[in-house]
Amino acid sequence: MLFNSIAFLFFFPVVCVCYFALPSLRSRNLFLLAASYYFYMNWQPVYALLLLTSTVITYLSARGIGYFTDHRKKRACLVASLVLNLGILFLFKYYNFAAENLSAFLDTCGWAVDFPEFGMLLPVGISFYTFQALGYSIDVYRKVTPMERNFFTYALFVSFFPQLVAGPIERSTNLLPQFKEKHTFRYEDAMAGFRLMLWGFFLKLVLADRCALYVDAVFNNVAHHNGGSFLLASLFFPFQIYGDFAGYSLVAIGVARVMGFRLMENFRRPYFAASVTEFWRRWHISLSTWFKDYIYIPLGGNRVGNLRCYFNVLVTFVISGLWHGANWTFLVWGTLHGALQCVERMLGFHRARWSGFVRFLHVFVTFCVVSLAWVFFRANNLSDALTILGGIFTDMAMPYLRLADFMAIAIALSVLFAKEGIDEFGWQVRISESPAWSVRHLYMVAMIAYILLLGVLNGDQFIYFQF
């Protein structure tokens, strides 16, 4: 079920009313668990079995870690959880990619080997709920979080519908305790949640989907466009993916907030970052902190020598690239971000604190570098990515874009930068959170009208669902 669908407009109010109407905490959690599985099963019902399998594996693993006193048995339980969950993820997401490339490599060595193809579709959100469940197993092993004895409470933690398929990737220390609290309906929470949802829908429907009309036309038909179109599409895509993914996160956070739950912040104005390192402190925060805590720091983090630290950064971001998809384009994208951060560490940029015009220059350069790297992320293959980058610098001509479409995107970008500029610089302009009741509600009415008038209301899927 998509947030930007008619079905969700009926689903969410019914869930809210029933949730608050139920008298006991146990009945509420069981209802939310059933609603979350119904939400997920709207794509492919059979894939709910995979969600349940991952839940059972990590639950039993944590129970084993809590039960055994022998450290080797505790570690065996954790290893079993990692191997089984990552094995399922590999089978559905990476097997065909690995088999195809291994077959091609063996063919160059003179060995013709055809591996069987795995024909099942990639389950939506599998990378998200797998990492969330694995994070719980690791935290129990590290004694960061207590073992959850109630299976249904833990199952709700893994499957909680607002953030199930595209994050934020929650930590058990934050979300699990909230399922043990009986939330009461609060008008302030509901209004705060609705404001977050409105801004999220604006980012998705008005900004992201409007940019997508042009970006998809260019990136999916590279042979029919020139350098001007490549440049414009490469400038639009950073805002498309930001609006799409940050929009989903805000809607998810808002939906949870209406019901009294607090999810973690996932984006913090990433295009105001003055370095690639800072960009990753602001972009997909739940994933970047997951990689930091469970991969980068265990490798040694920055507590080792410079060369080993660079290696740790590079490995972390190569894995991050692969997490996003089984394609060489994602691998190159992740490697680029890792390499750029290594260069910044060599230059001392990762600790620098600029201000004024110097910071503006660094923000501009960072945006340009990140945008060029996004070309690999969006391109269908490496050949298309290189064609687009080459065309930007060698085949410049007027892009193909209708003035009306350009103006619609320009207006949406103006609203985005006005809103994020106010938040970034702390300007005392509070329209959506004004103390005046009339101003707050007028803002909400205006946003709804803006979304309905200029939004692309065709129910497009969110980009990160494919990951």
What I'd like to find out is whether the side chain of [X] reaches to under 4.5 Å of the side chain of [Y], using heavy atoms alone.
X	Y	value
F152	F157	no
W199	V415	yes
W283	S288	no

Among residues two or more places apart or on two chains, list those pairs meeting salt bridge (charged side-chain N to carboxylate O under 4.0 Å, His left out) that have a residue in [range].
range	answer
residues 145-162	E148-K180
residues 41-59	none
residues 158-171	R171-D293

[X] and [Y]: which non-hydrogen atoms are nearest, and at how many Å?
X	Y	value
N174	M264	ND2-N, 4.1 Å
I388	S234	CG2-OG, 3.9 Å
Y40	Y47	CE2-O, 3.6 Å
G193	V258	CA-CG2, 3.9 Å
N221	A217	ND2-O, 3.0 Å
S54	Y129	CB-CE1, 4.0 Å

Is the centre of the [X] ring less than 6.0 Å from the centre of the [Y] ring?
X	Y	result
W333	F317	no
F201	F3	no
Y296	F291	no
W328	F97	yes

Among all residues two or more places apart in sequence or in another chain, which pass the salt bridge (Lys or Arg N to Asp or Glu O under 4.0 Å) test with [X]?
X	result
R359	E278
E424	R269, R282
K73	none
R210	none

Side chains of [X] and [Y] only: does a donor on one sit below 3.5 Å from an acceptor on the other?
X	Y	result
N266	S286	yes
S36	S159	no
N381	N327	no
T58	Y154	yes

Are the side chain of [X] and the backbone N or O of [Y] linked by a donor-acceptor pair below 3.5 Å?
X	Y	result
T335	L331	yes
N220	D216	yes
T366	A274	yes
N42	Y38	yes
H337	W280	no
N312	G301	yes
T289	I285	yes
K204	N4	no
Q163	I169	no
S61	I57	no

Begin from the C-alpha positions of L32 and M259 and carry the test side-chain contact (heavy atoms from CB on, under 4.5 Å) through to its verdict.
CA-CA 11 Å; L32 271 186; M259 295 187 292; 4.1 Å; yes

Keeping to residues at least two apart or across chains, list the side chain to side chain donor-acceptor pair (under 3.5 Å) pairs with something in residues 404-416.
R402-D405

Could you please spell out the steps behind the ring-ring contact (aromatic ring centres under 6.0 Å, His included) verdict for F279 and F367?
CA-CA 9 Å; F279 173 82; F367 174 77; 9.5 Å; no

Decide yes or no on side-chain contact (heavy atoms from CB on, under 4.5 Å) for L89 and Y94, but give the supporting numbers first.
CA-CA 7 Å; L89 183 62; Y94 301 105; 4.1 Å; yes

Residues R262, D189: salt bridge by 4.0 Å N-O rule:
yes

Given T130 and N85, is the side chain to side chain donor-acceptor pair (under 3.5 Å) satisfied, shown in steps?
CA-CA 7 Å; T130 298; N85 277 283; 5.1 Å; no

For I65 and K143: C-alpha separation, side-chain torsions, deciding distance, then whether side-chain contact (heavy atoms from CB on, under 4.5 Å) applies.
CA-CA 10 Å; I65 292 169; K143 298 182 180 179; over 6 Å; no

Walk me through it: do V456 and L205 pass the test side-chain contact (heavy atoms from CB on, under 4.5 Å)?
CA-CA 5 Å; V456 181; L205 301 175; 5.8 Å; no

Under the ring pair (Phe, Tyr, Trp, His ring centres under 6.0 Å) rule, collect the residues that match up with [X], sequence neighbours excluded.
X	value
Y294	W290
F272	F425
Y214	F236

Within 45 degrees of the axis of the six-membered ring of W323 and under 6.0 Å from its centre: does K93 put its NZ or CZ there?
yes

Given salt bridge (charged side-chain N to carboxylate O under 4.0 Å, His left out), test K74 with D70 step by step and report yes or no.
CA-CA 6 Å; K74 288 177 180 284; D70 188 320; over 6 Å; no

Start with the C-alpha gap between Y141 and H71, add the side-chain angles, then the distance that decides, and say whether ring-ring contact (aromatic ring centres under 6.0 Å, His included) holds.
CA-CA 10 Å; Y141 178 77; H71 186 71; 5.7 Å; yes

Y59/Y136 under ring-ring contact (aromatic ring centres under 6.0 Å, His included): CA gap, chis, key distance, verdict
CA-CA 9 Å; Y59 173 77; Y136 165 76; 8.2 Å; no

N/O donor-acceptor pairs under 3.5 Å from side chains in residues 19-27, not counting sequence neighbours:
residue: S24; atom: OG; partner: S27; partner atom: N; Å: 3.2
residue: S24; atom: OG; partner: S27; partner atom: OG; Å: 2.8
residue: S27; atom: OG; partner: S24; partner atom: N; Å: 3.4
residue: S27; atom: OG; partner: S24; partner atom: O; Å: 2.8

